[in-house]
Amino acid sequence: MKQYDVIIIGSGLGSLVCGAILGKHGYSVCLYEKNRQIGGCMQTYARDKAIIDSGVHYIGSLDEGQVLNKIFSYLGIMDSLHLQRMDVDGFDYIHFNKEKKHYQLAQGYDRFIEQLLIDFPQERDALHAYCDAVKDVCSRFPLFNLRTGDASEKEKVLGIDAAGFIRSITDNQRLQQVLAGNNLLYAGVENKTPFYVHALVQNSYIESSWKCMDGGSQIARALQKVIKQYGGDIVRNTEVKKIVGKDGVVDHITLADGREISGKYFISGLHPARTIAMTEHDSFRGAYRSRITSLENSPGTFMINAVLKPGTFPYLNYNYYHHATDSAWNGIHYTADNWPQTYGLFVSAGEGKLQYADNLSVMTYMRYEEVADWQHTFSTDTYPDTRGADYQAFKKERAEKLLNVVEEQFPGLRDCIHTYYVATPLTYRDYLAMPEGSMYGVAKDANDPLKTFISPATRLSNLYLTGQNMNLHGILGVTMSSIVTCAELVGMEQLVNEIIETNK
Ligand SMILES: Cc1cc2nc3c(=O)[nH]c(=O)nc-3n(C[C@H](O)[C@H](O)[C@H](O)COP(=O)(O)OP(=O)(O)OC[C@H]3O[C@@H](n4cnc5c(N)ncnc54)[C@H](O)[C@@H]3O)c2cc1C
């Protein structure tokens, strides 16, 4: 059997970027993916000729000279991506309650300020203070600025909470909520989510916002090509069951069919709690094991993916975030009686589909407890299961409830829908192996920021972690995490220099 230097578990973005970087550095890599399709959250599926995204709806910082563009160029995938720039005057529309108007978040800091001044003419100072603070916080994260640096640079800002900070820059309550209006992007919790999470996410979209034409899976395919070009392999439909340690190192992993695979280094792109659960008890200290397994995760999502009748629903070059109350932070605290309290609507871009769209997604929160009745079922395309008639009825009832709310802002939407498909936290749990179907993994907490920082190095000296739980979720955050992980083998200075050199 072929021997590899690096065995990578999973083929989410984190794993793929690690595979590409290490392949470029001469390591032979092999990724094992349990699903038929690679890409994790970047998977797409086709229904009635529409290509539907299961996760990623838009990406930031991809313009020439911006950080993700530079890293994707270094990886050799930038030129192959097929992207649609979103509306520069409003990539996100924010809407509250029954209000007749919406608020637009624009691309570019100057435009961002000028656009919001239309609705908040008295708030110039506050808007400048907000933008300066976002930029200042981002500047303290060296890698997001492609430089090496010291962890102490960001220490000062880790404990600032997003809602509290936004309240401090203006008394205008509507503006406070508008600035937090797209917090579904990071499952924001008032007085808990750190401002740095808000700032890194918001900054990337203010810099520039893009949709993937015909789906985000193109990123996975492009990275797969790079991995193969450097001689790496990706083995699909193959679940990793165990990580077996011996004398402080990983000796091998065991696959579902019982095969044992050895390597020099091992990287897990899974949630760290899942990774730890695959190791034997003596591989990790009890305190580390219980810290990692007790970390709180962000909630799950309930998502409607609707295939639209041809020529009925216009393509919208922006996303739409609705909040049922005047607070952008309330949606996550829904109750059984008032669900859904918020939603994001994302219209898919595609070749020949920029006049009328062929599908859209509506996303809201759903906690795992709501689907607990069916937690003992398992369903993916490889192992399909209906989970029973009562689950189907639950999905239908919730989807109709969500559509009723969406119709208040988009009257007639139902008539445009040919058919729809629904994903719940169970879908994400089963496809991605995310604990309780969490959307973004470990929830960050400004009140105890260091608790949620997880190092890529582990006690098994040749086992490293990567993916959205390391640093920050999202396409940008996960790409950064992969660099941090690969730096353990290649060196941070070398990697950063290579990225800079490629972009000269
Ligand atoms: C609903 C939703 C919407 C999102 N929208 C956006 C967006 O618009 N923009 C944005 O930037 N980000 C978005 N994100 C976040 C972003 O998609 C993720 O942060 C990122 O893709 C996660 O990558 P990852 O590497 O951590 O792994 P994941 O995508 O979680 O992939 C993990 C992979 O590991 C595989 N795996 C698990 N267990 C095993 C095993 N035992 N053996 C083998 N393989 C295994 C899984 O099958 C999966 O392929 C969204 C996420 C969700 C859930």
Side-chain angles (χ1 to χ4, degrees), residues 7-19 31-43 53-62 68 86 91-92 182 184-187 200-201 204-205 209-212 216-217 219-220 223 234-243 253-256 267-275 277-278 297-303 305 319 344 346 361-366 380-382 423-425 427-435 437-442 465-482 485:
I7 302 296
I8 303 180
I9 308 173
S11 72
L13 179 65
S15 296
L16 289 166
V17 173
C18 284
L31 284 72
Y32 287 96
E33 166 56 53
K34 75 181 182 66
N35 290 335
R36 193 162 62 190
Q37 200 185 132
I38 63 165
C41 293
M42 299 184 297
Q43 288 174 78
D53 268 305
S54 62
V56 181
H57 298 112
Y58 62 133
I59 308 176
S61 295
L62 275 174
L68 196 55
M86 298 180 71
F91 59 93
D92 282 348
N182 55 6
L184 189 59
L185 273 170
Y186 47 89
L200 291 171
V201 173
S204 77
Y205 291 114
S209 298
W210 309 79
K211 283 184 192 262
C212 286
S217 55
I219 299 175
L223 287 166
I234 302 181
V235 184
R236 297 174 300 131
N237 296 312
T238 304
E239 185 174 354
V240 176
K241 285 286 193 193
K242 277 190 202 155
I243 299 172
I253 56 166
T254 309
L255 307 180
I267 296 176
S268 172
L270 278 46
H271 190 292
R274 293 275 189 220
T275 305
M278 289 201 285
N297 290 303
S298 62
T301 183
F302 181 90
M303 177 106 73
N305 293 312
N319 309 308
F346 312 93
S361 302
V362 184
M363 173 172 150
T364 187
Y365 292 112
M366 182 170 273
T380 62
D381 51 359
T382 321
T424 74
T427 319
Y428 290 91
R429 183 200 65 179
D430 292 355
Y431 272 96
L432 305 173
M434 281 300 285
S438 162
M439 261 193 283
Y440 306 132
V442 175
L465 308 176
T466 200
Q468 69 175 358
N469 299 282
M470 293 300 101
N471 222 314
L472 184 69
H473 66 286
I475 301 302
L476 176 61
V478 172
T479 303
M480 294 298 176
S481 304
S482 300
T485 303

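In listed order, ligands and their atoms are each counted from 1. For the single chain, residues carry numbers from 1 onward in sequence order.
Rounding to the nearest 0.5 Å gives a distance of 7.0 Å between CE of Met303 and OG of Ser54.
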Under 3.5 Å, sequence neighbours excluded: what are the donor-acceptor pairs made by side chains of residues 10-17?
unit_1 : atom_1 : unit_2 : atom_2 : d
Ser11  : OG     : Glu33  : OE1    : 2.8
Ser11  : OG     : Gly39  : N      : 3.2
Ser15  : OG     : Ile9   : O      : 3.3
Ser15  : OG     : Gly10  : O      : 3.2

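Looking only at atom types and distance, the side chain of Tyr205 has no donor-acceptor partner in the side chain of Asn182 under 3.5 Å away.
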Starting from the N and O atoms of ligand 1, collect every protein N/O partner closer than 3.5 Å and put each pair on its own line with the distance to 0.1 Å.
unit_1   : atom_1 : unit_2 : atom_2 : d
ligand 1 : 8 (O)  : His57  : N      : 2.7
ligand 1 : 8 (O)  : Tyr58  : N      : 3.1
ligand 1 : 8 (O)  : Tyr58  : O      : 3.4
ligand 1 : 9 (N)  : Tyr58  : O      : 2.8
ligand 1 : 9 (N)  : Tyr205 : OH     : 3.3
ligand 1 : 11 (O) : Ile475 : N      : 2.8
ligand 1 : 19 (O) : Gln468 : OE1    : 2.6
ligand 1 : 19 (O) : Gly474 : N      : 2.8
ligand 1 : 25 (O) : Leu13  : N      : 3.3
ligand 1 : 25 (O) : Gly14  : N      : 2.7
ligand 1 : 26 (O) : Gln468 : N      : 2.8
ligand 1 : 29 (O) : Cys41  : N      : 2.8
ligand 1 : 41 (N) : Val240 : O      : 2.9
ligand 1 : 42 (N) : Val240 : N      : 2.9
ligand 1 : 44 (N) : Lys34  : N      : 3.2
ligand 1 : 47 (O) : Glu33  : OE2    : 2.6
ligand 1 : 47 (O) : Asn35  : ND2    : 3.1
ligand 1 : 47 (O) : Tyr431 : O      : 3.0
ligand 1 : 49 (O) : Glu33  : OE1    : 2.6
ligand 1 : 49 (O) : Glu33  : OE2    : 3.3
ligand 1 : 49 (O) : Gly40  : N      : 3.4

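Taking every heavy atom of both residues into account, Ile38 and Ala220 meet most closely at CD1-O, 3.7 Å. When all heavy atoms are compared, the tightest approach of Tyr428 to Gly437 is CB-O, 3.9 Å.
His57 and Phe346 have parallel rings, their planes meeting at less than 30° on a 0 to 90° scale where 60° marks the start of perpendicular.
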